[in-house]
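Okay, so here's the structure we're looking at.
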Amino acid sequence: MVLEHLSDQALIRRQKLGELQQKDVEPYGQKYPVTHKTSEVILHFRELEEEGTAASVYGRIISKRGHGKASFAHIEDGSGRLQIYLREEQVGSDQYNLYQLLDIGDIIGVTGTVFKTRKGEITVNVSSFRLLTKSLRPLPEKWHGLKDVELRYRHRHLDLMVNPEVREVFITRSRIIHMIREFLVQRGYLEVETPVMHTVAGGASARPFITHHNALGIDLYLRIATELHLKRLIVGGIEKVFELGRIFRNEGLSTSHNPEFTSVEIYEVNADYEDMMDLTEEMITSITREIHGTLKLNYQGRELDLTPPWPRRELSEVIREITGVEFSAVQGDDAARKLAAEHGLEVDKDSTKGEIMYTFFEKYCEDKLWNPLFVKDYPVEVSPLAQRCRENPQLTYRFETFIAGKEIANAFTELTDSLDQRERFVQQAEKRDSGDEEAHMMDEDFLVVMEYGMAPTGGLGIGVDRLVMVLTDRPSIRDVILFPTLRPREQQAGRP
RNA sequence: GCGCCUAUAACUCAACGGUAGAGUAGCGGGCUUUUAACCCGCAGGUUGUAGGUUCAAAUCCUACUGGGCGCACCA
């Protein structure tokens, strides 16, 4: 214990802790027998007051106002906050002196009858109280809250304590996740858990994290998607399946990217990507209705209308409308590269038309999409797990859903032709060999699984964090992840 | 990885080349229905770190560290 590094206030609190112990007060006590939550006291005020029955509540002291021989304070529990009132005459001078040693941040249990003050605030007239937990560090300011975003992310417990809207966001996040699960289970999808540690990191274009297993003496990858294992289950006869969980991608951080994030992937036999569009639309609109009671939202000061049906437009069409470029008129990779150069896009020398088309979309179109839109029929080169379109084998039955400029979902009619799949993996492997660390890895085991025969299948992945951002009106993914990834920092003296 | 912004008391913020300040929180005193309680007094700082310019640096310059935003990368 290096006491010199503590702030003066933290030192004073430690001294008070000693004083309390000298007075035989247990500073870290047992649970308090409560009769009500703070919100319940307010809800049942009339009966409590009429009957004159005592209520027992517990909570953290968040403010104190002393008046000589009487004192007011607010305590807060998970349900809300409540004012308490102590009079020396009522609790006795020993208890009253003890109360003087309590600080903002301490957790106490109180018992007393309930009344309304002159100004009309429901208040517990404390007849007895007990310290449950002594707090040794000062809380952030009550009025302005904790604003410094770095402190908020690094000390989320403080953020949650003093910024009530933050707690609301995470309660809503939890509800959304619960509703996703409920929505899918009710429709007969089986929730499963597949490995987080993979020998081959597949199912997406991304760099994986690498870890090591000592006993086996091998490196393992943290999963970058749940796709390939879920498809194995489809082959195995589990016809409607989903997994909701964390995936990991070793990429840059941004307001819409955290290295670990939550996805839900859903697979269903005898379905196609149109069915997955229906599912996406139904799921997101039903959750939105449940949370907001309307489909007309506001995101970052701008109106956002989720009313279905959401338009379903081909990628080439969207590019044409936004940039004026007609990709169907482009013949060959050379012409596409020339076009990219004309539009100020830097692309690799060996880029194909499909890759360039996709780049056009990402650079010039994605962020202009606002109300929900299904963008469909993506080039085969950037969609190695999706089935080719019958009318045009250069395209695939793949769609992405955009809401408020964010990619929320990605889905396909799954590729079921194991021989085509092998070719696609080979192409990806070639890209890996030429330095593309995000290209898909060859997964022989998965190919063998496919060779047994995979029924026609629709698959869907949804970025849960981004969905939560949209539904809670948060600008950064770090606002919807309790403990976002930050560079570690040495503990500084006096920091909370 | 690159660019811009940013770091002052436990918290929220001032001071923008000339003695580091306020509010909250804290400590001491007063006050028995207050409520951003109030009144009187006190304490609290290596201005992120390390250099440099200057008679003088929180302030200007350089580097580093953390963070934010944008770009790049990336579903």
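None of the values given here were measured: they were computed from a predicted structure. Just so we're on the same page: letters track the sequence lines, and every chain starts at 1.
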Open item on the list: Is the distance between the ring centroids of A:F72 and A:Y85 under 6.0 Å?
Closed with: yes
Task: Separation between the P atoms of B:A10 and B:U49, rounded to whole Å - done: 13 Å
Got a list of protein N/O to nucleotides 30-33 of chain B N/O distances below 3.5 Å?
| residue | atom | partner | partner atom | Å |
| --- | --- | --- | --- | --- |
| B:C31 | N3 | A:G68 | N | 3.2 |
| B:C31 | N4 | A:G68 | N | 3.1 |
| B:U32 | OP2 | A:K69 | N | 3.4 |
| B:U32 | O4 | A:E89 | OE2 | 2.8 |
| B:U33 | O2' | A:R118 | NE | 2.7 |
| B:U33 | O2' | A:R118 | NH1 | 3.0 |
| B:U33 | O2 | A:R118 | N | 3.1 |

Open item on the list: Is it the case that the base of B:C74 and the side chain of A:H257 share a donor-acceptor contact (distance under 3.5 Å, atom types as modelled)?
Closed with: yes
Task: Who pairs with B:G1 - Watson-Crick or G-U, where each distance is under 3.5 Å - done: B:C71
Task: Salt bridge A:D479-A:R474, side-chain N to carboxylate O under 4.0 Å - done: no
Open item on the list: Rounded to the nearest 0.5 Å, what separates atom OG1 in A:T401 from atom CH2 in A:W310?
Closed with: 6.5 Å
TODO: Write down the partner of B:G66 under the Watson-Crick or G-U wobble criteria, each distance required to be under 3.5 Å.
DONE: B:U6
Open item on the list: From CD of A:E362 over to P of B:C74, roughly how many Å is that when rounded to an integer?
Closed with: 8 Å
- [ ] Take the protein atom CG of A:L158 and the nucleotide atom P of B:U12, then report the distance between them rounded to whole Å.
- [x] 10 Å
- [ ] Output yes when A:E89 and A:R87 qualify as a salt bridge under the 4.0 Å nitrogen-oxygen rule, no when they do not.
- [x] yes
Open item on the list: Let's test this: given Watson-Crick or G-U wobble pairing with both distances under 3.5 Å, identify the partner of B:G17.
Closed with: none
Task: Pair A:Y273 and A:F412, ring centroids less than 6.0 Å apart - done: no
TODO: State the pairing partner of B:U34; accept Watson-Crick or G-U wobble contacts with both distances under 3.5 Å, and report none otherwise.
DONE: none
Task: Ion pair A:K376/A:E400, N-O distance below 4.0 Å - done: no
Task: Any A:S7 side-chain N or O less than 4.0 Å from OP1/OP2 of B:A9 - done: no
Task: P gap between B:U8 and B:G67, integer Å - done: 15 Å
Open item on the list: Just to be sure I understand the rule, does A:R81 reach a base, reach only the sugar-phosphate, or reach nothing, if contact means heavy atoms closer than 4.0 Å?
Closed with: nothing
TODO: Using the C1' atom on both, measure B:C38 against B:G23 and round to a whole Å.
DONE: 15 Å
Open item on the list: Using heavy-atom distances to pick each residue's nearest nucleotide on RNA chain B, tell me which of A:P140 and A:R249 is more 5'.
Closed with: A:P140
- [ ] State which of B:C73, B:U34, B:G67 makes the closest approach to the side chain of A:E438.
- [x] B:C73
- [ ] Return the nucleotide paired to B:U59: Watson-Crick means purine N1 to pyrimidine N3 with N6-O4 or O6-N4, wobble means G-U with N1-O2 and O6-N3, both under 3.5 Å.
- [x] none
Open item on the list: With no hydrogens and no angle check, just 3.5 Å: does a side-chain donor-acceptor pair link A:E227 and A:Y267?
Closed with: yes
Task: For atom CD of A:Q83 and atom P of B:A36, their distance in whole Å - done: 10 Å
Task: Short side-chain N/O contact to B:G67 OP1/OP2 from A:R487, under 4.0 Å - done: yes
Task: Rounded distance (Å) that lies between atom P of B:A43 and atom CG of A:L11 - done: 18 Å
Open item on the list: Taking the P atom in each of B:A15 and B:A56, what is the distance between them to the nearest angstrom?
Closed with: 25 Å
TODO: Round to the nearest Å and state the distance from A:E355 atom CD to B:C74 atom P.
DONE: 11 Å
Open item on the list: Between A:R337 and A:S351 (side chain of the first, backbone of the second, donor and acceptor by atom type, cut-off under 3.5 Å), is there such a pair?
Closed with: yes
- [ ] Could you measure between the two P atoms, the one in B:G26 and the one in B:G52, and give it in whole Å?
- [x] 42 Å
Open item on the list: On RNA chain B, compare the nucleotides closest to A:V382 and A:S254; which residue's is nearer the 5' end?
Closed with: A:S254
Open item on the list: When you measure from the side-chain N and O atoms of A:R152 to the phosphate of B:G67, is any distance below 4.0 Å, counting only OP1 and OP2?
Closed with: no
TODO: Using the P atoms only, state how far B:U59 lies from B:G18, rounded to an integer number of Å.
DONE: 11 Å
- [ ] Starting at atom CZ of A:R156, determine the distance to atom P of B:G67, rounded to an integer number of angstrom.
- [x] 15 Å
- [ ] Between B:A63 and B:C27, how far apart are the C1' atoms? Round to whole Å, please.
- [x] 42 Å
TODO: Could you check whether A:Y378 gets within reach of a base, just the sugar-phosphate, or nothing at all, counting any heavy atom under 4.0 Å?
DONE: base
Task: Given B:G66, B:G68, B:A72, the nucleotide with the shortest approach to the side chain of A:R154 - done: B:G66
Task: Test: A:D420 and A:R388 ion pair at under 4.0 Å - done: yes
Open item on the list: How many whole angstroms separate atom NE2 of A:H144 from atom P of B:A10?
Closed with: 17 Å
TODO: Go through A:L20 and A:L98 one step at a time and tell me if the side-chain contact (heavy atoms from CB on, under 4.5 Å) criterion holds.
DONE: CA-CA 8 Å; A:L20 288 164; A:L98 196 64; 3.6 Å; yes
- [ ] Compare side-chain N and O positions of A:R65 against OP1 and OP2 of B:C38 and report whether any pair is under 4.0 Å apart.
- [x] no
Open item on the list: My understanding is that only one of A:K368, A:K363, A:E362 makes a side chain to side chain contact (heavy atoms under 4.5 Å, CB included) with A:E366; could you say which?
Closed with: A:E362
Task: Check: A:F374 ring centroid to A:F402 ring centroid under 6.0 Å - done: no
Distances under 3.5 Å between nitrogen or oxygen atoms of protein and nucleotides 25-27 of chain B:
| residue | atom | partner | partner atom | Å |
| --- | --- | --- | --- | --- |
| B:A25 | OP1 | A:K142 | NZ | 3.3 |
| B:A25 | O2' | A:Q9 | OE1 | 3.3 |
| B:A25 | N3 | A:Q9 | NE2 | 2.7 |
| B:G26 | O4' | A:Q9 | OE1 | 3.3 |
| B:C27 | OP1 | A:K16 | NZ | 2.4 |

- [ ] Identify whether any heavy atom of A:S63 sits under 4.0 Å from a base atom; if not, whether one sits that close to sugar-phosphate; answer base, sugar-phosphate or nothing.
- [x] nothing
TODO: Please report, rounded to the nearest Å, how far the C1' atom of B:C69 is from the CG atom of A:L253.
DONE: 13 Å
TODO: Could you give the distance separating B:G41 and B:U53 at their P atoms, to the nearest angstrom?
DONE: 45 Å
